[in-house]
Undergrad: 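Right, I'll just put the structure down here and ask away after.
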Amino acid sequence: MIVFIAVFALICMWQIQLRPAGNDNYIKDYMSIDKTMAIKGIFIIIVFFSHFNSYVDFTSSYDLAYDSVYSQIGQRMVTLFMFYSGYGVMEAISKKKMSYIHKIPVTRVLATLFKFDIAVLCYTVLNIIINKGTSEVTAKRFILSLLGWDSIGNSNWYIFAILICYIATFIGFEIFRDKLKHIPSAVAVTGLLLTYVVLLHFNELRPTRYYNTVLCYPLGIFYSLYRDKFERLINKSNTLWAVLFVGSVIAAKITYDHRNDRFFIYELSMFAFVAAVVLFTMHCSLNNKILRFCGQHLFGIYIMQRIPMIVFQKLGLDDFNIYIYFIVCLAATILIAYLFDKYIGMLWNLIIKPKSKKTLAE
């Protein structure tokens, strides 16, 4: 697996760009859609590596070393998804105002649920096929799986968490709208998500992964609101950027080592990791077509990657050769994700298009 990591690292560094010399002490478009999409692409492949690890047993000393190092990433691999989602939603609200907020239940919540539930149906069919015409899934589990609260083999917790973020955004911004430059709304969203975290944490309703990265979403919202001020501060001195970057890396390391001591330390480790990555992208751009493609198909790769892993494991490919198993699973995942995003996206557009026309007519 070390070879695959090396190849992945080379792909990430392909067409790498450093901050150009000039008056600015940072790359101006580090938060653009293309640049953030590429970073998402990096981390969705890291997620693939992580999920793949749960389907194989490593025996080689190199593979065991890889697995040990890789496990140190933990939940931090999805923090940027949450952060960029919060940032992107806030940017859209700032530009489109209440018209965007009113559409969140459809464009964000229902759209995500629609694609997710199609995937759940795929996993249900796969479950029936593997079990030769029968299913081990109960009606209750199936219904809860459609909401992301449970799973029938598919990845689910992130979908449930991001849906909660969208719902909290809708409620918070519907209540306070654009008062005081969106600050009360952002605080309300944070309060609602903090309530969600507290309820799940102290009642142990779900595993910690359901909530331990959620607060990175409002972090993205606040970064959108205060980004200009932060950049003006950074632009005054390149030394300040260096101090902040090194400090965030050290903080990410120390807090993650002590993440199990207190929950708030765990959250600090998530925030520090996000800060380190964002500061890194201000000076170094990892942006190429391969990474952007993966970022653009993040949902499909995330939700469909377990299907090839399950199918080819059932066929015994993992026992035959784990490296061939990895290559086949990755290739199949990319193909399935592309087709899923394309055609399920087209189906969703066909469903909402008549409603859009009706709204315009009214």
Side-chain angles (χ1 to χ4, degrees), residues 1-18 34-81 153-155 158 209 249 252-253 256-257 273 276-277 280-281 283-341:
M1 296 300 294
I2 294 295
V3 174
F4 294 125
I5 293 295
V7 172
F8 176 54
L10 290 174
I11 291 174
C12 291
M13 291 187 289
W14 178 45
Q15 295 183 338
I16 187 174
Q17 294 179 343
L18 301 179
D34 280 348
K35 296 294 178 68
T36 57
M37 199 68 74
I39 300 300
K40 289 180 182 179
I42 293 174
F43 283 98
I44 195 57
I45 296 301
I46 292 176
V47 170
F48 180 90
F49 273 102
S50 176
H51 287 173
F52 178 81
N53 290 4
S54 64
Y55 287 86
V56 296
D57 294 320
F58 294 117
T59 56
S60 166
S61 58
Y62 292 105
D63 291 338
L64 290 171
Y66 143 82
D67 188 47
S68 177
V69 173
Y70 213 81
S71 64
Q72 293 299 309
I73 300 176
Q75 289 295 98
R76 292 185 291 186
M77 67 182 72
V78 300
T79 53
L80 271 297
F81 300 158
N154 58 291
S155 300
Y158 175 78
R209 60 180 177 271
V249 171
K253 169 60 178 174
Y256 194 73
D257 288 343
F273 182 76
V277 174
F280 175 81
T281 60
H283 271 237
C284 185
S285 175
L286 304 180
N287 179 26
N288 58 61
K289 292 181 179 179
I290 296 176
L291 297 180
R292 287 199 302 271
F293 175 87
C294 293
Q296 289 165 356
H297 296 284
L298 185 151
F299 187 93
I301 294 175
Y302 172 78
I303 204 63
M304 302 302 285
Q305 61 184 251
R306 291 186 184 272
I307 288 182
M309 294 177 188
I310 294 171
V311 170
F312 291 114
Q313 184 185 58
K314 190 70 176 180
L315 295 174
L317 194 57
D318 59 323
D319 291 329
F320 175 72
N321 188 293
I322 63 172
Y323 309 117
I324 294 177
Y325 178 46
F326 177 87
I327 294 172
V328 171
C329 286
L330 180 59
T333 296
I334 297 298
L335 177 60
I336 294 172
Y338 172 77
L339 295 175
F340 181 87
D341 287 340

Undergrad: Do the non-hydrogen side-chain atoms of Val7 and Ile11 ever get within less than 4.5 Å of each other?
TA: yes
Undergrad: Side chains of Phe8 and Ile42: does their closest heavy-atom pair fall under 4.5 Å?
TA: yes
Undergrad: Pair Arg306, Ser54 - check side-chain contact (heavy atoms from CB on, under 4.5 Å), show working.
TA: CA-CA 10 Å; Arg306 291 186 184 272; Ser54 64; 4.1 Å; yes
Undergrad: In Å, rounded to the nearest 0.5 Å, how long is the span from CD1 of Ile45 to NZ of Lys40?
TA: 14.5 Å
Undergrad: Show the numbers, then the answer: is there a side-chain contact (heavy atoms from CB on, under 4.5 Å) between Lys314 and Ile310?
TA: CA-CA 6 Å; Lys314 190 70 176 180; Ile310 294 171; 5.5 Å; no
Undergrad: Are Phe48 and Phe326 close enough that their ring centers fall under 6.0 Å?
TA: yes
Undergrad: Check whether any side-chain heavy atom of Cys294 sits under 4.5 Å from a side-chain heavy atom of Ile301, and report yes or no.
TA: yes
Undergrad: So, do Ser285 and Ile16 sit near enough that their side-chain heavy atoms are less than 4.5 Å apart?
TA: no
Undergrad: Which atoms form the tightest heavy-atom contact between Leu291 and Ala38, and what is the distance?
TA: CB-O, 3.7 Å
Undergrad: Should Phe52 and Tyr325 be marked as a ring pair (Phe, Tyr, Trp, His ring centres under 6.0 Å) after you check the CA-CA gap, both sets of side-chain angles, and the distance that decides it?
TA: CA-CA 9 Å; Phe52 178 81; Tyr325 178 46; 5.2 Å; yes
Undergrad: For Phe293 together with His297, are the ring centres under 6.0 Å from each other?
TA: yes
Undergrad: May I ask you to check whether Tyr256 and Phe273 place their ring centers less than 6.0 Å from one another?
TA: no
Undergrad: Quick check for you: to the nearest 0.5 Å, what is the distance between Leu317 atom CG and Ile327 atom CD1?
TA: 10.0 Å
Undergrad: List the steps and the verdict of side chain to side chain donor-acceptor pair (under 3.5 Å) for Arg209 and Tyr158.
TA: CA-CA 8 Å; Arg209 60 180 177 271; Tyr158 175 78; over 6 Å; no
Undergrad: Would you say that Phe280 contacts Leu286 through its side chain, given a criterion of any heavy-atom pair below 4.5 Å between the two side chains?
TA: yes
Undergrad: Could you pull out the closest heavy-atom pair between Lys289 and Trp14, with the gap in Å?
TA: N-CZ3, 4.4 Å
Undergrad: For Phe81 together with Tyr302, are the ring centres under 6.0 Å from each other?
TA: no
Undergrad: What are the two closest non-hydrogen atoms of Val47 and Gln305, and how far apart are they?
TA: O-OE1, 3.7 Å
Undergrad: How close do Met309 and Cys329 get, counting heavy atoms only, and between which atoms?
TA: CA-SG, 3.7 Å
Undergrad: Say you draw a straight line from CD1 of Ile44 to CZ of Phe299; how long is it, rounded to the nearest 0.5 Å?
TA: 10.5 Å
Undergrad: Minimum heavy-atom separation for Pro308 to Ile336, with atom names?
TA: CG-CD1, 3.8 Å
Undergrad: How many angstroms lie between CG in Asp318 and CD1 in Ile324, if you round to the nearest 0.5 Å?
TA: 12.0 Å
Undergrad: Using 0.5 Å steps for rounding, measure from the CG atom of Leu339 to the CE atom of Met304.
TA: 9.5 Å
Undergrad: List the steps and the verdict of side-chain contact (heavy atoms from CB on, under 4.5 Å) for Phe4 and Tyr323.
TA: CA-CA 9 Å; Phe4 294 125; Tyr323 309 117; 3.8 Å; yes
Undergrad: So which atom in Asn288 and which in Ile290 form the shortest heavy-atom distance, rounded to 0.1 Å?
TA: OD1-N, 3.1 Å
Undergrad: Can you tell if the side chain of His51 reaches within under 4.5 Å of the side chain of Ser155, non-hydrogen atoms only?
TA: yes
Undergrad: Side-chain contact test, heavy atoms from C-beta onward, threshold under 4.5 Å: evaluate it for Val277 versus Phe43 and give yes or no.
TA: yes
Undergrad: Are the side chains of Phe49 and Ile5 in touch, meaning some heavy atoms are under 4.5 Å apart?
TA: yes
Undergrad: Distance alone, cut at 3.5 Å: any donor-acceptor contact between the side chains of Asn287 and Arg292?
TA: yes
